[in-house]
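Have a look at the structure below, then the notes.
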Amino acid sequence: MGTGKDEKNATQVVPLSPDQIMDLFYHASTRELMDMGNLACCQVHGRDILLRGLIEFTNVCTNDCLYCGIRNSNHKANRYRMEASMILKALQTGYDRGIRTFVLQGGEDPVYTIDRICGLVRQIKDLGKKDAAVTLSCGIRSREAYFKLAQAGADRYLLRFETADPKLHFLLRNIGLNDRLKALEDIRAAGFQVGSGYMVGLPGETRETRLENILLCQRLELDMVGLGPFIPHPDTPLKHSFQHPLEHTLRSVALVRLALPKAHIPATTAAGSLMPDGREQMIAAGANVLMPNLTQDKFKQKYLLYPGKICLNEKGIQDIESLNQRIRPLNRNLSFARGDALYHLTNMDTGEPK
Ligand code: SAM
Ligand code: SF4
């Protein structure tokens, strides 16, 4: 366990102010930023890399985000929807291996109604897995729906804001940024630990957007921040977009770490898909989470958000073994702890409100 013990240290790492972040954003080298991000991460989270088991339970989506390989208008996407029994099977494999956090991610699939997802969450919790945390990532839902999901026992919710530029957001998603931010407010109000984040290198993004993305994460006081490179998918309208180097993502990770020292930040699959050692580089810049993919092969090969996605032919469990090897040179250890938001740990430890 590498979480509770770090709370003492966590209070000693003061988040940088927006002015300090801005100064570093424009003037620090990537090496300097990564060293600072890595140091802050180790001071707060120790040497543990938390594991979250990912299950991609449906690739059906009614939305049409221009960047996404499973968008509704991509008729080449081979659609699937996992039955509850398959989801529970994938989860059991991870649970048996010691994983205690599961992320259920999917498109905005009308067949996966809120009542159905609530039923699934209850099944997970009733199957003797009350000690496992359930994170949901299934898009924008109504305020009432988020409350129902929390009441069913879900612990966390992930909803990236994708880009802090309102015009770009609308252009790419045909939905206002404010709607996304309102959903994040509802998610917080429902009692979830809240995750959000963005893609780095979207077409139309400027340097200022990249800075604003970091500052928005800080203003939202996120418990978890998911960020990764945008990778153009050949069957989307953004297929000819420029692929930005991983360096922009690494600079962002380091600055988000300095802006939100306590946040949990995954070293994302997209980074590993862009560069063979992309996830390791993200850890070296301040990330502290890895997400082995527990989805059965026949499904995960169809959850193609972007090309070149790694680990498609590896079982999630094999992936854990290889992750263990990969993080050793970084002097890190895999942790099977639930890895709750650090403020949440304080609440549970002391009974005090946040
Ligand atoms: N449908 C939910 C949503 O949009 O919040 C959850 C699933 S969605 C596929 C998960 C994330 O994939 C999105 O938040 C987005 O940042 C990321 N994503 C989609 N297309 C991508 C691409 N081409 N490159 C990198 N990341 C991508
Ligand atoms: Fe659907 Fe999410 Fe893809 Fe947008 S990013 S099309 S909401 S799965």
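Counting convention: from 1, in listed order, for ligands and their atoms alike. These numbers come from the heavy atoms of this one structure, side chains and all, not from hydrogens, waters or symmetry mates.
Residue, atom and distance of the protein heavy atom nearest to atom 12 (O) of ligand 1 are Leu305 CD1, 3.5 Å. At the shortest separation from atom 4 (O) of ligand 1 among protein heavy atoms lies Arg180 NH2, 3.6 Å. Annotation: atom 3 (Fe) of ligand 2 to nearest protein heavy atom, Cys68 SG, 2.4 Å. The protein heavy-atom contact nearest to atom 7 (S) of ligand 2 is Asn63 ND2, 3.4 Å. Of all protein heavy atoms, the one closest to atom 2 (C) of ligand 1 is Gly106 O, 3.5 Å. What sits closest to atom 21 (C) of ligand 1 on the protein, heavy atoms only, is Met199 SD, 3.8 Å. Pro229 O, 3.3 Å is the protein heavy atom nearest to atom 25 (C) of ligand 1. In terms of protein heavy atoms, atom 19 (C) of ligand 1 is closest to Tyr67 CD1, 3.7 Å.
Atom CD of Glu144 is surrounded by 12 or fewer heavy atoms from other residues, nucleotides or ligands within 6.0 Å. Atom NZ of Lys89 sits in a sparse spot, with 12 or fewer heavy atoms from other residues, nucleotides or ligands closer than 6.0 Å.
In terms of modelled atom types and a separation under 3.5 Å, the side chain of Arg100 and the main chain of Tyr95 share a donor-acceptor contact.
Between Tyr112 and Phe57, the ring planes are perpendicular. Angles over 60° get that label, and only those under 30° would be called parallel. Ring pair Phe161/Tyr198 is parallel by interplanar angle, where below 30° counts as parallel and above 60° as perpendicular. Ring pair His244/Phe242 is perpendicular by interplanar angle, where above 60° counts as perpendicular and below 30° as parallel.
At a threshold of 2.8 Å, atom 4 (Fe) of ligand 2 has no backbone or side-chain N, O or S atom of Cys61 nearer than that distance.
Assignment of Glu56 to the shell around ligand 1 is not supported, since no heavy atom sits closer than 4.0 Å. Ligand 1 has no atom lying under 4.0 Å from any heavy atom of Tyr198.
Residue-to-ligand polar distances keep Ala270 apart from ligand 1: every N/O pair is separated by 3.5 Å or more. Polar contact check, Ser137 against ligand 1: no nitrogen or oxygen pair lies under 3.5 Å apart. Residue Glu162 places at least one N or O, backbone or side chain, under 3.5 Å from an N or O of ligand 1. On a distance-only criterion, Glu108 and ligand 1 share no N/O pair closer than 3.5 Å. Looking at ligand 1, you won't find any N or O of Gln105 less than 3.5 Å from one of its N or O atoms.
When Leu66, Ile231, Asn63 are ranked by how near their heavy atoms come to atom 24 (N) of ligand 1, first place goes to Ile231.
Per-residue contacts place Phe230 under 4.0 angstrom from the following atoms of ligand 1 (heavy atoms of the residue considered): 22 (C), 23 (N), 24 (N), 25 (C). Per-residue contacts place Gly107 under 4.0 angstrom from the following atoms of ligand 2 (heavy atoms of the residue considered): 8 (S). Of all atoms in ligand 2, listed by their number and element, those nearer than 4.0 Å to a heavy atom of Ile70 are 8 (S). Proximity to Tyr67 (heavy-atom distance under 4.0 Å) selects the following atoms of ligand 2: 5 (S). Numbered from 1 in the order shown, with element, the atoms of ligand 2 that lie under 4.0 Å from a heavy atom of Cys65 read 4 (Fe), 5 (S), 6 (S), 7 (S).
Paired with Glu56 under the rule salt bridge (charged side-chain N to carboxylate O under 4.0 Å, His left out), one option of Lys298, Arg81, Lys309 passes, and it is Lys309.
Protein heavy atoms are found less than 4.0 angstrom from atom 1 (Fe) of ligand 2.
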